Q: 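Would you mind keeping the following structure in view while I ask a few things?
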Amino acid sequence: MEQFPSDLKITALAGGVGGSRLVRGMAEHLSPQQLTVVVNTGDDFVHFGLPISPDLDTVLYNLADVAQKVEGWGIQNDTHACMTALANLGGDSWFRLGDRDLATHLLRGEWLREGLSLTEITGRLARALGVYHAILPMSDDPCRTLVETDGGVLEFQHYFVKERWQPVCRGLRWQGAENARPTPQVLAALQEADAVVVCPSNPFVSVDPILNLPGVRQVMAGKPVVAMSPIIGGMAVKGPAAKMFLELTGEPASVEAVAAHYGDLLAGMAVDEVDDPLVESLSRQLHYVRAMPTLMLNREKQIEVAADFLAFVAEIVAEERTARA
Ligand code: FO1
C-alpha cells in the first residue's frame, strides 16, 4: 500500500476478537505514536475472585502475537491443568481459563488491590509482553454489560459463554454506568486523533459501551469517524451481532443496519466485498463507503485488510481537510 501518512493519528474503538484482528493489522502499519486502542470493558467480570478483562486481554495477546489463532482469545498452546483440577474438585469450568492466562488475572487482581488503576495495569502488562501501542481500557470504573432475557437478567459472560448466546436478548443495560467515566487518557486519545476507527466489533455490546460513556461522543464530534462493518453478507463473522440486530431492532443484520445503528457518528464505512452491490444504496446514508476484503482470519490477511482500510481512512481525512480549508 502507499505509506499511511506518518503524521496521522488514529484512535481505534475495539471489543474482543473482531476488533483485535483489525487492530493487529493496523499495528503493522502504524507506529505506537500513531495508533491508540480504546477497549470495551463491559465484558469484564469477577470469576473465582479474579478480575477478568476479556477484551483487554484479547487485544493485548493479539498485539503481543501470543493469542490462540483459531478462537482469537486466550493464549496459544496454553495448558489447562488448573481448570481440570478445579472441575475434578466440583468447581465451575464453563469459563475456560488457561494456566498462563491465569497469571494475567492473578497479577491484575494483585495490582488492583495495591491501588493501581486498570489503565496502569494494562500498560504494565503490555510492556511486559513487548507491546508498545497504547491499549486503554474505556474506563477505570466498572461498567458491566447485563443482558435482559426471557429467563432474567444475565451477566454478559453468563449470556455469552455459559449460555452460548442462545437466550433471546430483549435489552441491554450497564451496571455501574451512572458512575462510570472515560479515563483522561481515553478522552485525550480521542481529542488528539485525526480519525477515529470503529473496529468490526459487536456494535451493541462492544462499541456502544465505549460510546455511551459521558463525553465520548462529544469529543468525537467533528472528527472523521470510520467504521469497518462487523456484518458481512448479513452475517456476523463470529458471535451474536447478527442475532442481536434482529432481536433488538426487529430488522435483519445488514451493512445498512450497521450504518443506521451508528447514525450521524460515522463519516464513512468499509464493507466487505460481498456487500459491494449495497454500496450505492449505502451511499445515501453515508458520505464515504467502500467495499473491500474485510475477512481477517490469519495474520497476512489482517495486514493486507488493514492496509486497504487505512488507505481509505487517509483519503477521508484528506478530503475532509480539503473540504474545511
Ligand atoms: N470465550 C468462550 O467462548 N469460552 C470460554 O471459555 C472463554 C474463556 C475466556 C477466558 C479468558 C478470556 O480473556 C476470554 C475468554 N473467552 C471465552 C472469550 C470472551 O469471553 C468473549 O469472546 C468476549 O467477552 C466477547 O468479546
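Whatever order the structure lists them in is the order used to number ligands and atoms, beginning at 1. Predicted model, so just to flag it, every value in this text is computed and none were measured.
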Q: Among the heavy atoms of Asp101, does any lie under 4.0 Å from an atom of ligand 1?
A: yes
Q: Run the numbers for me: atoms of ligand 1, each under 4.0 Å from some heavy atom of Pro54, listed by number.
A: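 That gives atoms 13 (O), 14 (C), 19 (C), 20 (O), 24 (O) of ligand 1.
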Q: Does Arg144 qualify as a cation-pi partner of Trp174, given the criterion of NZ or CZ under 6.0 Å from the six-membered ring centre and within 45 degrees of its axis?
A: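 Negative - Arg144 is either too far from the ring of Trp174 or too far off its axis.
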Q: Is a side-chain donor-acceptor pair under 3.5 Å present for Tyr288 with Glu320?
A: yes
Q: Using heavy-atom distances only, which candidate in Phe95, Trp94, Tyr61 approaches atom 10 (C) of ligand 1 most closely?
A: Phe95
Q: Are Val196 and Leu211 connected in a single hydrophobic cluster, I mean Ile/Leu/Val/Met/Phe/Trp/Tyr linked by side-chain heavy atoms less than 4.5 Å apart?
A: yes
Q: Could you tell me the residue and atom name of the protein heavy atom closest to atom 15 (C) of ligand 1, and the distance to it rounded to 0.1 Å?
A: Trp73 CE3, 3.4 Å
Q: Below the 3.5 angstrom mark, is there an N/O of Thr58, backbone or side chain, next to an N/O of ligand 1?
A: no
Q: At a non-hydrogen distance cut-off of under 4.0 Å, which region of Gln157 contacts ligand 1 (side chain, backbone, both, or neither)?
A: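 For Gln157, only side-chain atoms sit under 4.0 Å from ligand 1.
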Q: With atoms numbered from 1 as shown, which atoms in ligand 1 lie under 4.0 angstrom from a non-hydrogen atom of Asp43?
A: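 Checking each atom against Asp43, I get 23 (C), 24 (O), 25 (C), 26 (O).
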Q: Say whether Met220 and Val23 are linked into one hydrophobic cluster, either directly or through other cluster members, by side-chain heavy-atom distances under 4.5 angstrom.
A: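 In one cluster: no.
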Q: Which residue and non-hydrogen atom of the protein lie closest to atom 6 (O) of ligand 1, and at what distance in Å?
A: Arg96 N, 2.9 Å
Q: So, is His105 polar-close to ligand 1, with some N/O to N/O distance under 3.5 Å?
A: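 It does not: no N or O of His105 is found under 3.5 Å from an N or O of ligand 1.
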Q: Checking a contact table here: which protein heavy atom is nearest atom 22 (O) of ligand 1, and how many Å away?
A: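 For atom 22 (O) of ligand 1, the nearest protein heavy atom is Phe160 CE2, 3.6 Å.
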Q: Report yes or no: do Tyr61 and Thr104 form a side-chain donor-acceptor pair below 3.5 Å?
A: yes
Q: Does His158 have its ring centroid less than 6.0 Å away from the ring centroid of Trp165?
A: no
Q: Below 3.5 Å, N or O to N or O, backbone or side chain included: is there any such pair between Ser206 and ligand 1?
A: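 For ligand 1, there is no N or O atom that lies under 3.5 Å from one belonging to Ser206.
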Q: Check whether any heavy atom of Val161 sits under 4.0 Å from an atom of ligand 1.
A: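 A heavy atom of Val161 does come that close to ligand 1.
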Q: Determine the sole option in Met292, Glu304, His29 for which the side-chain contact (heavy atoms from CB on, under 4.5 Å) test with Phe309 is passed.
A: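 Going through the options one by one, the only one that passes is Met292.
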Q: Nearest protein heavy atom to atom 26 (O) of ligand 1, by residue and atom, and its distance?
A: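 Scanning the protein heavy atoms, the shortest distance from atom 26 (O) of ligand 1 goes to Asp55 OD1, 2.9 Å.
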Q: Give me the one residue out of Tyr159, Phe95, Phe160 that meets ring pair (Phe, Tyr, Trp, His ring centres under 6.0 Å) with Phe45.
A: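 The passing option is Phe95.
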Q: Does a donor on one side chain sit under 3.5 Å from an acceptor on the other, for Asn179 and Asp141?
A: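 Side chains of Asn179 and Asp141: no pair found under 3.5 Å.
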